[in-house]
Number of protein chains: 2
Amino acid sequence: MVAGPLPAPSGPGKDRLRLWIRLLRASRTIEAELRERLKKEFDTTLPRFDVMAALYRVPEGMLMSDLSRFLLVSNGNVTGIVDRLVSEGLVARARRNGDRRTSMVRLTEEGTKSFAIIAAAHEGWIGELLGKVSEEDARRLTGMLTSFRSNWEGRE
Amino acid sequence: MVAGPLPAPSGPGKDRLRLWIRLLRASRTIEAELRERLKKEFDTTLPRFDVMAALYRVPEGMLMSDLSRFLLVSNGNVTGIVDRLVSEGLVARARRNGDRRTSMVRLTEEGTKSFAIIAAAHEGWIGELLGKVSEEDARRLTGMLTSFRSNWEGRE
DNA sequence: ATATAAAACTTTAAGCTTGAAATATTTTAC
DNA sequence: GTAAAATATTTCAAGCTTAAAGTTTTATAT
């Protein structure tokens, strides 16, 4: 996946392969740095941050299945992360009256306060880590990635 | 991390934050698809593929520490993956005469053959998954990501 | 020479991740 | 009305991942 710079392959399809490798290395590098800072500064993890970020947008809460779909991870995965956040008092589960299979998950007051602080730091880090990307390039790159994404939505 | 499309934040630094979110979602989407195909078609995993891809470039082998540095993962992580590949006969460890702390890790003949087949399929998948990105955009995007990467190398 | 530090690697504990199986509930089809 | 299918979620086993601590070997400084 993170294949090599050495022989510099060429031929049809190689440009896209090279793009993929760069994309993956860039995101892994940034992810590793964020992970480390979240741990050091706030004693939390990237998956916890992701869940809280998703919930922060929607004060009334989300269903577990919406959460896992939004985060692009499996159902069982979210269960574990939410379990831990609940045990720390940052997130609450609420069974619904209507459909007793589902449970609404939302940030607690403490979780909301806590996330707001972390998110501010996070945004600063991204500004720092991507600082060398010009605003114009950032918008252009975002545009390309967005059109890529739209080709994918609703697949399978 | 994979934060939301809904309120569309604005302000200074938001362009870079949006870029990061798009970057992360794109790589996670592709990664998930590759993971699934590797499992279904070849009964293997992305981390195993990554390790084999790294070794494939260097027939004489790599040190464990070079491998983990190259793959951007921790030392202990590589130990486990290589252990499993060795037990499957795809990879071999060889203690060196000179420095007895190190061990040279390389693909076995079987591992080389096996990887060549998987890599061909993998390249086709990338072509398919990134098919909507024009060759020109691919090169431009790669260029941007490369310059970003060079800002990072040798950090910490 | 010998203590100290550095380097290469493995082990460990805790947490993340997936796909598949299990449970509980609701909806659909006769 | 009831059996079957669909939906929402959790549980489970296996594997991935990290940071920190531990082991062995080599290099450095006195």
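Nothing here was measured: the structure is a model prediction, and the numbers come from that model. Every chain is numbered from 1 and lettered A, B, ... according to where its sequence line falls, protein lines coming before strand lines.
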Asker: Among pairs that include at least one residue of residues 71-83 of chain B, which meet salt bridge (Lys or Arg N to Asp or Glu O under 4.0 Å), considering only residues two or more places apart or in two chains?
Answerer: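 Listed once each, the pairs are D83(B)-R93(B).
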Asker: Which whole-number value in Å describes the distance from I81(B) CD1 to dT11(C) C1'?
Answerer: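 Value for this atom pair: 16 Å.
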Asker: Mapping R48(A) and R100(A) to their closest nucleotides on DNA chain C, which lands nearer the 5' end?
Answerer: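 Nearer the 5' end of the strand: R48(A).
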Asker: Under 4.5 Å between any side-chain heavy atoms of H122(A) and W20(B), yes or no?
Answerer: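 A side-chain contact under 4.5 Å exists here.
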Asker: Taking atom P of dA14(C) as reference, at what distance in whole Å does atom CG of D43(A) sit?
Answerer: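 My rounded result for the distance is 14 Å.
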Asker: Write down the distance between CZ (F49(A)) and C1' (dG15(C)), rounded to a whole number of angstrom.
Answerer: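 So the CZ-C1' distance, F49(A) to dG15(C), works out to 18 Å.
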Asker: How long is the line joining CZ of F70(B) and C1' of dA8(C), in whole Å?
Answerer: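 Computing the F70(B):CZ to dA8(C):C1' distance gives 20 Å.
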Asker: Could you check K39(B) against N77(B) and say which one's nearest nucleotide on DNA chain C is further toward the 5' end?
Answerer: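 Counting from the 5' end, the first nearest nucleotide belongs to N77(B).
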Asker: Under 4.5 Å between any side-chain heavy atoms of L55(B) and F115(B), yes or no?
Answerer: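 Heavy-atom side-chain distance check fails, nothing below 4.5 Å.
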Asker: Is the CD atom of E109(A) crowded by more than 12 outside heavy atoms at less than 6.0 Å?
Answerer: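 No, because the 6.0 Å sphere around CD of E109(A) holds 12 heavy atoms or fewer from other groups.
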Asker: CG of L46(A) versus P of dT17(D): gap in Å, rounded?
Answerer: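 These atoms are roughly 14 Å apart.
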Asker: For each nucleotide in nucleotides 3-10 of chain D, reading 5' to 3', give B when a protein heavy atom comes within less than 4.0 Å of its base, S when such contact involves only the sugar-phosphate, and - otherwise.
Answerer: ---BBSBB
Asker: So, E36(A) and K40(A), do they make that salt bridge, N to O below 4.0 Å?
Answerer: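 Yes, charged N to carboxylate O under 4.0 Å.
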Asker: May I have the distance from L38(B) (atom CG) to dG19(C) (atom C1'), rounded to whole angstrom?
Answerer: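 Taking CG of L38(B) and C1' of dG19(C), I get 15 Å after rounding.
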Asker: Within 45° of the six-membered ring axis of F70(A) and under 6.0 Å from that ring's centre, is NZ or CZ of R25(B) located there?
Answerer: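 Here R25(B) passes the 6.0 Å and 45° test against F70(A).
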Asker: How many whole angstroms separate atom CG of L85(B) from atom P of dG15(D)?
Answerer: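 Roughly 12 Å, once rounded to whole Å.
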Asker: Atom CG of L34(B) to atom C1' of dT18(C): distance rounded to whole Å?
Answerer: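 Going from L34(B) (CG) to dT18(C) (C1'), I get 15 Å.
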Asker: With DNA chain D as reference, determine whether A32(A) or R84(B) sits nearer its 5' end, using the nearest nucleotide of each.
Answerer: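 Final value for this comparison: R84(B).
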Asker: When you compare the side chain of N75(A) with that of M64(A), does any pair of heavy atoms fall below 4.5 Å?
Answerer: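 Of all side-chain heavy-atom pairs linking N75(A) with M64(A), none is under 4.5 Å.
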